[in-house]
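Note sheet for the following structure.
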Amino acid sequence: MRMSRLFARTLRDDPSEAEAPSHRLLLRAAYIRQVMAGVYTMLPLGMRTMRKIERIVREEMDGSGAQEIRMPIILPAEPWKVTGRWQAYGEIMFKLVDRHGRELGLGPTHEEVVTPLVAGELPSYRDLPVNLYQIEWKYRDEYRPRFGLLRVREFLMKDAYSFDRDEEGLHASYDTMLQAYRRVFDRCGLRYVIVEADPGTIGGGANHEFMANADVGEDLYVACPNGDYLADLEAATPRPPEPADTTALEPLTEVSTPSAATIDAVSKLLGRPASNMLKCILFDVGGRAVAVLVPGDREVNETKLARRFFPALVRRFEDADFASLGLVKGYVGPQGLPDEIMVLADHSVRGGKDWVTGANKSEHHVTGANAERDFRVDEYADLVQIREGDPCPACGQPLRIERSIVVGHIYQIGTTYSEPLKATFVDEDGTERPYVMGCYGLGITRTIAAAVEQNHDEHGITWPRALAPFEVVVIVANRDDEQVTAEGERIYLELASLGVEVLLDDRDESAGVKFADADLMGFPVQLVVGRRGVDAGTVDLKLRATGARSTAPLQGGGQAAADLLAAAP
RNA sequence: CGGGACGUGGCGCAGUUUGGUAGCGCGCAGCGUUCGGGACGCUGAGGUCGCGGGUUCAAAUCCCGCCGUCCCGACCA
């Protein structure tokens with residue numbers, strides 16, 4: 001490719017809307033252009049990098065026995081209503097209506113399409129397992145698109161779905177995908193960790209996230225310094241506390257707490273630490289009231305709560321909800337709550353006693369409240385938000401919090417979709433059983449951004465070879481010199497014949513502009529042909545990632561660039 | 001949706017406080033000079049000042065409404 005023909009105008013100044021490094025550089029280096037919030041056009045350079053990731057993904061998926069299909073972007077609403085996700089995805093799903101008044105959606109993911117597809121084609125256990133994947137645009141009307149390609153409303157994703165007879169088969173399929181993902185991200189040159197994660201609106205059981213480390217990452221995970229434990233912040237489970245000694249308990253006593261409707265205020269008023277307060281938060285779960293108890297110094301992890309009740313919708317009580325049950329916001333406690341309110345407590349509540357909590361009466365709290373004696377707990381569960389410094393569940397060392405970008409997420413979803421969608425096969429014993437499914441997402445466009453976040457410096461992008469849109473750029477430093485131009489052409493053809501993806505900067509620009517653009521666009525190897533070198537019989541080479549410079553003979557300069565490239569990361 | 005900021009040629013910005021008929025740098029086109037780290041000179045093209053309404057002799061500037069974009073929080077690849 002000749003740069004004089006390449007549709008790529010670089011920007012000298014940072015566009016004012018771009019903040020994150022990947023966003024800034026992808027715009028400046030002419031990889032992407034914005035169309036509207038969270039929607040981008042991929043320019044030729046961006047396309048080439050995107051295709052490279054797609055290719056790596058295809059090779060690893062095909063090599064793992066998955067088969068590529070293509071499902072539509074535009075989908076009927078019905079199966080989504082059956083699984084409950086028409087509601088659960090809510091406003092995130094782009095919804096539209098066709099001329100007949102039929103409700104349609106733009107696919108945010110494709111379980112509701114692939115599951116009936118397989119059910120219609122494969123009624124026998126003999127045909128299992130099967131794993132189908134596609135690389136397709138996904139649509140999510142995000143609350144807040146941001147950071148260029150990192151969080152967008154239209155993105156390219158590889159999604160795969162495995163169908164097995166039983167749990168054992170699922171585990172094998174899942175493990176195959178986990179290994180395939182490792183190879184994909186290794187080949188992309190990403191620095192990443194694999195963490196235990198929350199399944200979100202997909203639902204189901206065990207699942208892992210592939211997290212690329214990055215300063216602008218929106219996703220936090222906890223890591224044990226000993227390497228014993230890695231988990232998504234939302235999914236992380238703190239080590240359960242030792243149960244409190246309940247041999248001597250305070251009596252339950254009501255105290256007046258005028259205008260103290262917050263943990264902080266009550267804590268100050270009564271001179272008790274927040275950790276001795278029992279926070280009682282009310283939720284509406286699909287129309288049913290649920291009280292969640294956590295110590296006063298902890299937060300309820302609403303993601304875990306949503307997971308406990310998935311696919312029912314969980315929302316915090318609003319003023320009207322308190323009023324309808326005769327409760328006073330800020331003074332709610334678990335003792336004496338009506339029977340129809342389910343009471344859930346975090347495991348950490350077992351570690352405390354003689355709680356201070358609301359008296360269910362305006363301006364009053366109680367002290368000395370204890371589980372069983374004074375209030376019922378219907379279920380203990382893991383419901384708190386983990387914090388930096390919490391003990392590792394494996395070894396007890398304080399956990400650290402790290403920042404990252406989720407580039408892949410794999411799930412064991414079991415029969416979460418096959419059951420409601422009645423997607424069954426006939427098993428060996430003649431009975432119908434729902435498929436045991438796994439699903440596997442990998443963000444292609446997000447991987448582009450994550451790679452730039454990890455590979456850039458003050459001059460521009462420093463691509464790993466596998467993702468660079470071109471591997472070598474041949475810079476003709478003196479555009480007016482026919483001999484220099486001819487040597488540049490010759491080396492360009494030499495590199496092409498060696499199978500190297502090469503770009504010839506034949507533009508009528510000064511050398512400085514060419515160097516700056518080459519650095520900005522991030523090609524791994526730069527080869528400079530100039531007057532000086534041609535006279536001396538040499539070319540100059542530069543490895544972009546390290547800045548290391550060297551010279552090579554003019555004759556065979558192409559081979560030297562190819563050798564340097566082969567040694568590049 | 002809640003909080004904050006900003007919308008002026010392709011990009012970055014000034015002008016808005018104090019209304020007077022739009023400017024700078026980069027980029028773009030032409031000519032000439034330059035030619036190994038974002039060259040220089042001359043000439044030129046390019047703007048419904050986000051949109052709609054209002055006030056005024058006169059609005060980029062003042063008032064009202066709307067839209068868009070970005071940043072901080074609630075969803076996810």
Side-chain angles (χ1 to χ4, degrees), chain A residues 9-20 23-24 27-28 30 33-39 53 57 88-93 108-109 135-160 181 197-202 209-212 216 218-219 232 234 302-303 306 315-316 404-411 439-450 459-460 475-481 484 505 507-520 526 528-535 539-540 542 547 549:
Chain A
R9 167 146 283 131
T10 55
L11 307 175
R12 269 193 204 211
D13 302 310
D14 286 331
S16 60
E17 76 261 22
E19 205 94 329
H23 189 196
R24 231 178 55 232
L27 283 170
R28 279 195 57 206
R33 289 289 179 258
Q34 186 177 50
V35 174
M36 58 177 160
V39 178
I53 299 170
V57 168
Y89 253 101
E91 310 235 293
I92 302 295
M93 194 154 169
T109 171
I135 294 178
E136 182 63 290
W137 294 96
K138 296 289 187 283
Y139 295 84
R140 293 182 192 172
D141 196 359
E142 294 287 345
Y143 289 124
R144 184 151 87 87
R146 63 185 128 173
F147 299 146
L149 293 187
L150 279 178
R151 176 168 225 74
V152 288
R153 299 196 293 172
E154 179 191 76
F155 57 99
L156 193 64
M157 172 164 127
K158 186 285 302 175
D159 46 323
Y181 271 49
D198 174 81
T201 42
I202 302 271
E209 283 172 325
F210 289 75
M211 298 185 134
V216 298
E218 302 179 82
D219 296 279
D232 184 281
E234 294 303 311
E302 295 190 28
T303 305
R315 66 166 174 83
R316 268 181 186 251
S404 68
I405 299 162
V406 177
V407 287
H409 198 164
I410 60 179
Y411 310 78
C439 77
Y440 315 93
L442 193 158
I444 307 266
T445 37
R446 181 177 276 183
T447 297
I448 299 173
H459 301 295
I475 295 171
V476 178
N478 309 84
R479 61 198 174 201
D480 62 333
D481 187 309
V484 170
D505 194 347
R507 293 176 302 167
D508 188 18
E509 290 286 352
S510 71
V513 170
K514 294 183 181 185
F515 295 140
D517 280 344
D519 285 348
L520 181 60
Q526 298 173 13
V528 184
V529 185
R531 164 90 270 151
R532 219 163 58 193
V534 167
D535 288 347
V539 293
D540 295 316
K542 176 175 145 184
R549 293 165 195 274

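A, B, ... follow the sequence lines: proteins, then strands. Residue 1 opens every chain.
Using a 4.5 Å heavy-atom threshold, the side chains of A/Thr445 and A/Glu154 count as separate. A/Lys542 places a side-chain heavy atom less than 4.5 Å from the side chain of A/Asp519.
Residue A/Asn478 places no side-chain N or O under 4.0 Å from the OP1 or OP2 atom of B/rC35. The side chain of A/Ser510 places an N or O atom within less than 4.0 Å of a non-bridging phosphate oxygen (OP1 or OP2) of B/rA39. For A/Gln526 and B/rG37, the shortest distance from a side-chain N or O to OP1 or OP2 is not below 4.0 Å.
In terms of the ring-ring contact (aromatic ring centres under 6.0 Å, His included) criterion, residue partners of A/Tyr181 (sequence neighbours excluded) are, by chain and number, A/Phe210.
In this structure, A/Arg146 does not pair ionically with A/Glu19, as no charged nitrogen and carboxylate oxygen lie closer than 4.0 Å.
B/rG37 makes up no base pair with any nucleotide shown, lacking Watson-Crick or G-U wobble contacts both under 3.5 Å.
Among the protein residues, A/Glu302 comes within range of no part of the nucleic acid, since none of its heavy atoms lies under 4.0 Å from any strand. Backbone-only contact: A/Phe147 has heavy atoms under 4.0 Å from sugar-phosphate atoms and none from a base. Looking at heavy-atom distances under 4.0 Å, A/Val528 makes contact with a base. Within 4.0 Å of A/Ala516, counting heavy atoms only, lies at least one base atom of the nucleic acid. Note on A/Gly408: only backbone sugar-phosphate atoms sit closer than 4.0 angstrom, heavy atoms only; bases stay farther off. Across all strands shown, A/Val407 has heavy atoms under 4.0 Å from sugar-phosphate atoms exclusively, and none from any base. Residue contacts for A/Arg316: at a heavy-atom cut-off of 4.0 Å it reaches no nucleic acid atom on any strand shown. The residue A/Val152 sits close to a base: some heavy atom pair falls under 4.0 Å.
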Tabulated below should be each protein N or O lying under 3.5 Å from an N or O of nucleotides 29-34 of chain B; please produce it.
none

Please list, pair by pair, any protein nitrogen or oxygen found under 3.5 Å from a nitrogen or oxygen in nucleotides 2-12 of chain B.
unit_1	atom_1	unit_2	atom_2	d
B/rG12	OP1	A/Ser16	N	2.7
B/rG12	OP1	A/Ser16	OG	3.1

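Comparing A/Met157 and A/Ala18 by the nucleotide of RNA chain B that holds the closest heavy atom to each, the one mapping nearer the 5' end is A/Ala18. Residue whose closest nucleotide on RNA chain B sits further toward the 5' end, between A/Phe515 and A/Glu142: A/Phe515.
Contact annotation: side chain of A/Arg151 to base of B/rG73, donor-acceptor pair absent below 3.5 Å. Side-chain atoms of A/Arg146 stay outside donor-acceptor range of the base of B/rC72, with no qualifying N/O pair under 3.5 Å.
At least one donor-acceptor pair closer than 3.5 Å links the side chain of A/Ser404 to the backbone N or O of A/Asp219.
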